[in-house]
Structures are given as structure tokens and as C-alpha cells.
Q: 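Handing you this structure, nothing more for now.
Quick note on labels: first sequence line is chain A, next is B, and so on, each numbered from 1. All values reported here derive from a predicted model rather than from experimental measurement.
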Number of protein chains: 2
Amino acid sequence: MTTIVRPETIRRQNRSTVLAALRADGQMSRTKISQITGLSAATVTAITADLISANVLISLTDADHTPSPRGRPRVVLGFNPEFACIGVIALQLNKISVSIRDYQGASIAEDTTNILTRELSGDQLLSALSSLFEKAMSDVTCQPLMHIAVGVQGTTDVTDKELLWSPITREMNVPIAEHFTKLFGVTASAHNDCNMIACALRYNEPEIYHSDFAAILLSHGIGMGLYQNGHLVKGKYSSASEFGHMVHIPDGALCRCGRHGCIEAYAGDYAIIRRATCEDGQSSPIDDIRYELLDQVLQNAGENDADALAAYQEAGEAIGAGLASLYALIDPFPVAFIGSGTRAHTLMDDAINKAVGSSQFNLPSIDTSFRYYLEETPLITTGCAITALKVIDENIRTSLLLEKNRSLQSVG
Amino acid sequence: MTTIVRPETIRRQNRSTVLAALRADGQMSRTKISQITGLSAATVTAITADLISANVLISLTDADHTPSPRGRPRVVLGFNPEFACIGVIALQLNKISVSIRDYQGASIAEDTTNILTRELSGDQLLSALSSLFEKAMSDVTCQPLMHIAVGVQGTTDVTDKELLWSPITREMNVPIAEHFTKLFGVTASAHNDCNMIACALRYNEPEIYHSDFAAILLSHGIGMGLYQNGHLVKGKYSSASEFGHMVHIPDGALCRCGRHGCIEAYAGDYAIIRRATCEDGQSSPIDDIRYELLDQVLQNAGENDADALAAYQEAGEAIGAGLASLYALIDPFPVAFIGSGTRAHTLMDDAINKAVGSSQFNLPSIDTSFRYYLEETPLITTGCAITALKVIDENIRTSLLLEKNRSLQSVG
DNA sequence: CTATTTATTTTGAGGCTCGAATTAAAGACC
DNA sequence: GGTCTTTAATTCGAGCCTCAAAATAAATAG
């Protein structure tokens with residue numbers, strides 16, 4: 001059954017529309033908000049007045065002056081940077097990055113540390129996260145902290161609270177959100193890193209990545225963030241969209257997850273090293289990142305070493321076959337490849353393209369382009385920031401009504 | 001940007017909620033509608049009054065009398081069977097089934113014919129469809145025809161208008177909806193048969209098949225209808241969710257689609273026959289259904305014939321690997337297998353279960369049960385009927401406002 | 001025949017958006 | 001400098017919609 005609609009639901013929904021429009025562009029005049037959302041000028045005035053009196057939005061005086069040579073100058077509205085700040089944490093294998101941002105999304109404080117994450121217990125890992133975070137927060141005084149978003153390699157639960165499984169730790173079911181909520185008294189959330197990358201790409205380049213696309217992370221493991229129909233694909237129970245664990249070769253090479261024949265068991269860094277060094281596909285995957293080995297494989301491939309080339313070819317075939325299956329399921333879409341694995345993309349492109357093959361139909365103008373992004377960490381951080389800001393925007397949507405009533409009471 | 005909401009949008013939305021609630025149960029008192037939807041009694045009165053004056057709903061006097069021993073008896077409302085009728089067509093290989101239903105969904109007229117569909121041109125196929133349909137319609141006089149829904153093996157476009165590709169005809173891009181709209185002056189739609197099966201299962205057994213499940217058709221080809229998050233999964237361009245054409249064995253057996261290694265090339269009827277008769281996996285798939293051959297294979301398997309058993313085992317492995325990949329993408333879900341292929345399910349179950357393997361996580365209470373349904377045609381027909389009725393319900397949602405204004409004008 | 005019970009309908013208050021009219025705040029022009 | 005023009009934003013009244021509370025309807029119980 002669909003949710004029913006009440007008169008006050010209208011305002012909530014339209015407030016949300018206004019905030020989303022602003023979040024996409026950063027700042028806008030009331031008139032432009034009206035044009036973009038389709039709401040009447042009168043309604044935009046009412047909604048923005050609410051938001052301004054709640055300190056969410058402010059008039060930006062330092063706006064551009066060129067556009068309209070005559071008439072009353074437009075007043076550009078934007079998010080009040082002092083309304084809130086958010087915490088953003090990227091948790092990767094042996095590396096933790098923290099960033100504090102204001103409500104406009106600008107960075108206030110940052111810090112990064114290297115630590116052997118797989119050596120830590122779940123509690124130790126959480127402590128490491130929160131102490132680095134606390135250190136960064138010590139620089140911040142003026143804005144109240146409102147949300148903490150953690151992007152992490154691995155699978156989180158569908159409610160974005162818990163790390164169910166991750167290659168960066170031996171521990172399962174690490175209660176990330178609960179830990180931060182207890183410690184700092186604000187809501188927190190844990191997200192799959194690739195989902196955050198996809199979110200960031202959509203924010204940075206909406207003209208390319210909008211309703212249907214995938215972000216595939218090529219690093220020690222293989223991850224994917226998938227947008228379908230304008231929405232991030234999550235599972236019923238977990239963050240899911242585990243592209244790397246789709247079956248490539250039944251009973252094939254041993255995967256880090258313990259099963260056999262996963263795409264990752266051919267395309268992950270460890271798999272490429274394993275294949276290039278002629279190890280048996282059934283030998284145990286190495287847990288730690290061995291950049292020097294991978295660099296060696298890449299260099300060998302450049303010198304036409306047969307095993308190194310075969311390793312990349314087989315990796316490409318695995319990725320290509322996985323994409324072909326996905327294309328069968330939900331039609332072709334553009335793909336962004338992210339991470340250190342993209343350094344070798346020219347060695348895999350042919351195999352990927354061959355495996356993807358041609359679609360059954362001659363549909364017009366399907367974008368199946370591939371693009372490459374070397375650095376994943378800034379994308380994870382941006383994605384977490386956008387996600388955290390939207391959590392706050394969402395809270396404003398539902399709660400502002402109460403604030404308004406309260407102020408009315410105090411006035412009346 | 002999300003769509004904005006206006007006051008009249010509320011009524012539309014809530015009207016839709018009421019119609020959906022009624023469509024699920026068939027009939028209900030106003031009080032029960034209020035309970036189920038959460039709308040107040042006053043609002044339900046207003047909305048149902050609109051719908052009754054528009055002849056969409058009627059009071060059903062013949063309702064059950066037991067429930068409330070005292071008090072004013074409830075008035076049960078239901079769809080007015082004479083408000084409209086719909087056309088439903090199931091188009092399968094060499095078989096066309098037509099059914100006319102009233103607005104309650106009850107069958108008024110039916111007909112079925114066998115015809116060699118692959119021998120027909122696109123135009124001939126359309127003529128065959130519409131002449132059988134016209135014959136069935138000749139029995140109907142009292143209700144106006146409002147929509148025709150066609151369920152068809154193959155891929156349709158995402159707007160449900162056109163048959164892009166189908167195993168039942170050599171023609172591509174057959175404009176089914178356009179043909180019927182021209183001929184009968186009503187809207188029409190074309191849907192993938194497995195999507196209709198999934199829709200029917202969801203209608204018939206909502207307690208099992210609700211937000212996340214799949215219907216997999218095992219017949220000459222392998223198709224799937226997939227619900228995720230309560231919505232039917234479609235592609236960006238096509239009806240998609242082509243489970244049968246996910247890659248099972250890269251460069252493997254030849255598929256009907258011309259590519260190699262698809263799941264269907266191992267699990268479709270033709271593939272099972274091919275394997276059981278020891279033909280090369282690269283030999284051309286047979287186009288027509290050969291029941292006698294398939295019966296023979298099934299019988300041989302029962303007598304422990306090694307090739308027949310291997311054929312079913314490999315089919316099970318293909319289906320299982322596909323499911324494992326899907327489970328990696330969107331978490332495990334219950335599956336309904338439909339069609340003649342289910343006769344052999346005991347021969348495939350072990351292989352399917354082994355290939356699916358165990359999930360990475362110990363998530364509580366995930367329903368991954370398999371259920372079997374031999375007959376697909378009644379499910380396709382039911383699904384089309386529900387779909388067509390919902391098209392009408394949707395039209396009512398958006399258009400009733402106009403009617404009301406008109407009557408107000410004539411009154412005032 | 002009256003009291004009780006349950007189902008609907010009616011009524012009035014309050015929220016929301018919108019179009020039209022109004023006010024605000026510039027530059028253009030003489 | 002004082003109007004005219006232009007564009008932005010606000011105010012106001014009309015029209016929808018939902019809801020809670022009160023009123024009405026239609027049975028059974030006693």
C-alpha cells in the first residue's frame with residue numbers, strides 16, 4: 001500500500017524538492033528555484049522563509065552580478081555553513097581518512113593515518129576511527145556536529161548501521177553507527193565504499209552519471225556501486241551489489257570470500273598477482289596489499305611477459321562477462337572504473353569489450369562508455385559528505401514543522 | 001528532481017491508494033478501507049463518493065453477513081463489473097490465448113488457437129492476434145473496452161508498446177500496442193510473459209511473493225520476472241531482466257540468441273535435448289518445441305540414463321550459478337519456477353542448491369525457498385489482467401478530476 | 001420500544017499551493 | 001534628479017484537501 005498524503009505532507013515534500021535543487025547547484029535565487037522545481041514564486045517564498053528563519057539557508061551577498069542588467073537584483077540563497085558540520089570517514093585497508101565539513105560541504109579539518117587494520121579487533125578498529133575523528137573535531141568550534149558518515153570497503157547492512165563483513169578486518173558485524181552515536185550523540189551511518197563513489201560521481205558529473213550507471217572499483221577486491229532508475233541499488237538485507245562475487249567460472253579460482261570462481265578471484269589485485277606469478281588458482285589469496293608485486297606485474301606486462309599479459313586478459317574477461325550478465329539483466333549502462341587497477345586498463349579493454357559483446361537489439365543511443373578514475377579516496381569522501389548532508393536535509397524536511405509551531409507559540 | 005505536490009495531487013494519490021487496496025482484496029467496506037489505508041473515515045467517504053458517482057465502484061449487496069452481530073451493517077464496496085472490460089492476450093510459441101474480462105477481473109469470453117507463429121510475418125501475426133480477439137469480443141456487448149494487455153515471450157520495450165525481439169517470430173520490432181490502438185481505439189500494452197507471471201504470483205500469493213522475489217520460466221527458453229523492493233525490475237530501454245542470457249560459461253554452448261555460454265544454452269528445453277542426445281554444444285538450437293523428444297529425455301533420466309541425467313545436472317548448474325550471481329547483486333530471495341521444465345525439478349534441485357552455495361553472511365530469516373508451478377498460461381493471463389486493470393485504475397486516478405468539474409458546471 | 005453498538009456522513013478548522021495584484025529595487029533615459 | 005521600465009519577491013484571497021468531532025443511520029439486545 002502506498003503511503004497516504006496529508007496537507008502537511010505537501011509542504012514536507014516540496015521543502016525536500018527545494019533543498020535537493022539547492023544541494024545540486026549549491027546556491028540559487030528564489031526565482032531560479034521556482035523555475036527549476038516548477039513551484040510558484042509564492043510557494044518558494046514561503047518555503048525559503050521557513051528555512052531562513054530556521055537558520056538552514058542564508059542570503060549570499062557575494063553572488064555574481066553580471067546576469068541581469070536591469071530590474072530588481074535577485075537574492076541568491078545558499079546553505080548556511082554555520083548551521084551544522086558533518087563528519088566523514090573513509091575506512092580502507094590499512095588507511096583511515098577523516099574530514100570535517102560545514103553545511104555547504106566545504107572542508108574544515110582533515111586528517112589521515114595508516115594503521116594495519118587487519119591486526120585490530122573490532123573494538124580497536126572503532127577506537128582508532130573515533131580517536132582520529134575526535135582529533136580532527138578539536139579544531140571545530142562554531143558548528144554543531146549533526147551526522148557522521150563512514151564509507152568502508154565491505155558489506156554493510158541495508159539500514160546503513162553496521163559493517164557486516166569487510167576485507168579490512170577479521171571481525172564481522174562491527175556496529176559502526178552505534179559506536180559513533182554513543183560517543184558523539186549524533187546519528188551516524190556506514191556505507192559501502194563503492195556506493196559512495198557512485199554517489200560522488202553522480203554529484204560531480206550529473207550529465208554523464210545520472211539515472212543508470214555503475215562505478216566499479218578495481219583494487220585488492222572488486223566492488224561496485226550501481227544506480228538504476230536514479231536510485232542506488234541496495235539489497236533487501238545488505239548494501240549488496242557485490243559485482244566482484246558474481247560467478248564467473250563455476251568451481252573456478254579460489255576467492256577471498258571462500259567460494260570459487262568469483263569475478264574478484266580473477267580481477268582483484270591478489271588474483272592478478274597470483275595468475276602472473278603462475279601460482280595455482282586454488283592457492284590462498286594474499287590478504288595484504290603488495291604494491292611492489294603489482295607494479296612488477298604491470299611492468300612485466302609492458303615488456304610483453306606472457307603470464308602478466310594473461311593475468312590482465314583473464315581479469316578483463318571476468319569483468320567483461322560480469323558486465324555482459326548485468327547488461328542482460330538491466331540493459332547496458334555507462335561504467336566508471338576507479339582505483340589503482342585502472343592503471344592497467346589498456347591491457348584489459350580488449351578482453352572486456354569482447355566479453356561484453358554486442359547487445360541483442362539495435363537500440364538507439366545507448367551510452368556504454370567506460371571512464372577511468374585513478375584515485376578512489378577523494379570520491380569516497382565526497383560521496384560520504386553528500387550522503388551525510390542529505391541525511392541532515394532529510395531531517396529538516398520532517399522536523400521543521402515542529403520548530404515552526406514552537407516559535408509560533410512563543411510569538412502568540 | 002522530485003515531482004512537486006499540489007493540493008489536488010493529494011486526492012489523486014489517495015484515490016490511487018484506495019483503488020489499490022480494493023484491487024488487492026476485491027471488495028471492502030468503507031471502514032475497512034479506512035483501517036487499511038490509514039485515511040480518515042471522512043476522506044474515504046469523500047473519495048468513494050467520487051468513484052461511485054463516476055460508476056467506477058458500486059455497493060455490493062450480496063456481501064457476507066456474519067462479522068458484526070450488532071450495529072449498523074457495513075456496506076461493502078467493489079468494482080462495478082460493467083464499468084469496463086479489458087482484453088488479455090497470451091502470445092506464446094505456436095499458441096495464442098485470448099480472454100475478455102470485466103472490471104472486476106472475471107472472465108467474460110475466452111478463446112485459444114494454435115498457429116505456427118514462426119511461419120508468420122509481423123503483420124500476419126498481428127492480424128492473427130486481432131482477429132482472434134475480435135471474435136472473442138463479439139460476445140461482449142455491455143461493457144466498453146478500455147485496455148488490451150498482451151503478454152508475450154520475448155523482450156518488449158520499456159514503455160510496453162513494442163515487441164523488440166521474440167523467439168516466437170523472426171520479425172523484430174513488432175508494434176503490438178500501436179496495432180491494437182489503431183484497430184480498437186483503446187490503449188494497449190505489450191509485456192514480457194515472465195513479468196506477467198511474476199505479477200500474477202504477487203497477486204495470488206502476496207504473503208510469499210511480495211517485495212523481493214523472482215519467477216523463472218523453464219520452457220523452450222529461460223525467462224525471468226523479478227520484483228525488487230516491491231517493484232518489477234525493468235531495464236532502461238527494454239523489459240530486460242533476461243536471466244536466461246546471463247553468461248554462464250564464457251565461450252560455452254551456442255545460445256538461440258547467437259551468443260555463447262548463456263544460461264539458456266544449458267537450461268532451455270532445446271539445450272537439454274541437445275545435451276541428452278549427445279549433440280555438440282555448438283550445434284544450432286532447434287526452433288520448434290519437440291515435446292516428444294523432451295518426454296523421452298525425462299523418461300531416460302528416470303531410468304538413470306547418464307546423458308539425460310547429465311543434461312539436467314548441467315541445466316541445474318547453470319540456473320544455480322545464475323541465481324548465485326543474482327544473490328550477490330541483490331541478496332537472496334524466494335524463487336518460483338514455472339512451466340513444463342518444472343516436471344524435472346527433482347533432477348535439478350541438487351545441482352541448483354550446490355551452485356547457489358551458502359551466502360557470505362548469517363542473516364536471519366532469509367526466504368530462499370523454491371516453489372514450482374507447472375502451467376504458465378493461466379499465470380500469464382492473470383498477470384495481464386491485473387496489469388490492464390491497473391492501467392484503467394491509473395487513468396481514473398488522473399482523469400476523474402475533470403469529470404467532477406464537468407458535473408459541477410452542469411449543476412451550477 | 002429504548003439503549004447500545006457500529007458504520008457513515010456532515011461540518012468546521014487548518015494547511016497548502018496558486019494566480020493576480022502589489023511592493024521592492026535596481027538600471028535606462030531625458 | 002526625476003520618471004519609466006524591468007525583474008524579483010511578497011502579499012492576499014480562492015480553491016483543494018484531510019482530519020477530528022459531532023451528527024446521523026441502521027442494526028441488534030433486552
Q: Which angle, to the nearest 10 degrees, lies between the helix axes at the two ends of the helix from C/dC1-D/dG30 to C/dC30-D/dG1, each defined by five pairs?
A: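 Taking five pairs per end, the axes differ by 20°.
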Q: Are the side chains of A/Val150 and A/Phe180 in touch, meaning some heavy atoms are under 4.5 Å apart?
A: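 In contact.
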Q: Looking only at side chains, do B/Ser34 and B/Thr31 share a donor and an acceptor under 3.5 Å apart?
A: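 B/Ser34 vs B/Thr31: no donor-acceptor pair found between side chains.
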Q: Do the side chains of B/Glu8 and B/Arg11 get close enough for a salt bridge, i.e. N-O under 4.0 angstrom?
A: no
Q: Angle between ring planes, B/Tyr103 versus B/Phe79, binned at 30° and 60°: parallel, tilted or perpendicular?
A: perpendicular
Q: Any chance the side chains of B/Thr387 and B/His191 put a donor and an acceptor closer than 3.5 Å?
A: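 No, no side-chain donor-acceptor pair sits under 3.5 Å.
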Q: Does the distance from a Lys or Arg side-chain N to an Asp or Glu carboxylate O, for B/Lys234 and A/Asp331, drop under 4.0 Å?
A: no
Q: Could you check how far CD1 of B/Ile33 sits from C1' of C/dT8, rounded to whole Å?
A: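 Distance, rounded to whole Å: 12 Å.
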Q: Tell me: CZ of A/Arg12 to P of C/dC16, nearest whole Å?
A: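 The distance from CZ of A/Arg12 to P of C/dC16 comes to 9 Å, rounded to the nearest Å.
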Q: When the distance from CE of A/Met28 to P of D/dA9 is rounded to whole Å, what number comes out?
A: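 It works out to 13 Å between those atoms.
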Q: If we ignore hydrogens and angles and just use 3.5 Å, is the side chain of B/His147 paired with the main-chain N or O of B/Ile86 as donor and acceptor?
A: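 No, B/His147 side chain to B/Ile86 backbone: no donor-acceptor pair under 3.5 Å.
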Q: Whole-Å distance between D/dT18 C1' and A/Glu8 CD?
A: 8 Å
Q: Specify the separation, in whole Å, of atom CD1 of A/Ile52 and atom P of D/dA9.
A: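 Those two atoms, CD1 and P, are 10 Å apart.
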Q: Between P on D/dT7 and NZ on A/Lys32, what's the gap in Å once rounded to a whole number?
A: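 Going from A/Lys32 (NZ) to D/dT7 (P), I get 17 Å.
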Q: Return yes if a side-chain donor-acceptor contact under 3.5 Å exists between A/Ser99 and A/Arg101, otherwise no.
A: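 Yes, a side-chain donor-acceptor pair sits under 3.5 Å.
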Q: When every nucleotide of nucleotides 17-30 of chain C is labelled 5' to 3' by its protein contacts under 4.0 Å (heavy atoms), B for base, S for sugar-phosphate only, - for none, what sequence of letters results?
A: SBB----BBBBS--
Q: So what does A/Thr45 hit on the nucleic acid, given a heavy-atom distance under 4.0 Å: a base, only sugar-phosphate, or nothing?
A: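 Here A/Thr45 touches the bases of the nucleic acid.
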